[in-house]
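Single-structure report; data block below.
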Amino acid sequence: MFPRLAACLCLVLAGAGCSAASVPWQHPTAPKDQWRSDYNSCRRWADEQVGYRESEADSNFRDYDRAQARKRINAYLDMCMRDRGYVPVRPSR
């Protein structure tokens with residue numbers, strides 16, 4: 001029983017760490033606590049615009065369809081964040 005509990009706790013902590021990750025966008029005047037809210041809002045909007053849903057049927061094109069949907073979602077997300085005045089954060093080397 002204890003190993004199962006420890007595994008569940010690790011998964012929860014890992015998930016919490018991922019959700020606390022920094023937003024890959026920054027805004028010159030908006031407060032930092034607003035960045036996550038704006039990013040999540042744009043993410044939901046982009047998902048709605050594309051409207052991609054996984055099919056229950058097995059398809060030879062499922063991976064292709066998923067990749068195309070991800071590209072479109074990222075394009076809408078990019079547009080939304082830029083419209084709100086955000087710029088992408090450059091990855092540190």
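Predicted model, so just to flag it, every value in this text is computed and none were measured.
Hydrophobic cluster membership for Val50: Trp45, Tyr52, Ile73, Tyr76, Met79 (Ile, Leu, Val, Met, Phe, Trp, Tyr linked by side-chain heavy atoms under 4.5 Å, directly or transitively).
The main-chain N or O of Ala30 is found under 3.5 Å from a side-chain atom of Trp35 such that the two form a donor-acceptor pair.
Under the side chain to side chain donor-acceptor pair (under 3.5 Å) criterion, Asp83 pairs with no residue, sequence neighbours left out. Residues forming a salt bridge (charged side-chain N to carboxylate O under 4.0 Å, His left out) with Arg84 (at least two apart in sequence, or on another chain): Asp38. Every side chain to side chain contact (heavy atoms under 4.5 Å, CB included) that Pro24 has, sequence neighbours left out, goes to Tyr39. Qualifying side chain to side chain contact (heavy atoms under 4.5 Å, CB included) partners for Phe61, counting only residues two or more places apart in sequence or in other chains: Ser59, Asp65. Residues satisfying the side chain to side chain contact (heavy atoms under 4.5 Å, CB included) test with Pro31, not counting sequence neighbours, are Asp33, Gln34.
One distance of note links CG of Leu77 with OG of Ser41; it measures 10.0 Å at 0.5 Å rounding. Here the SG-CZ distance, from Cys42 to Arg44, works out to 9.5 Å after rounding to the nearest 0.5 Å. Between atom CZ of residue Arg43 and atom CZ of residue Arg36 there is a gap of 11.0 Å, rounded to the nearest 0.5 Å.
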One pair to check against side-chain contact (heavy atoms from CB on, under 4.5 Å): Arg66 and Glu54. What are the steps and the verdict?
CA-CA 8 Å; Arg66 186 182 301 133; Glu54 285 285 331; 2.7 Å; yes
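Contact between Pro28 and Gly85 at its shortest, heavy atoms only, is CD-O, 3.7 Å.
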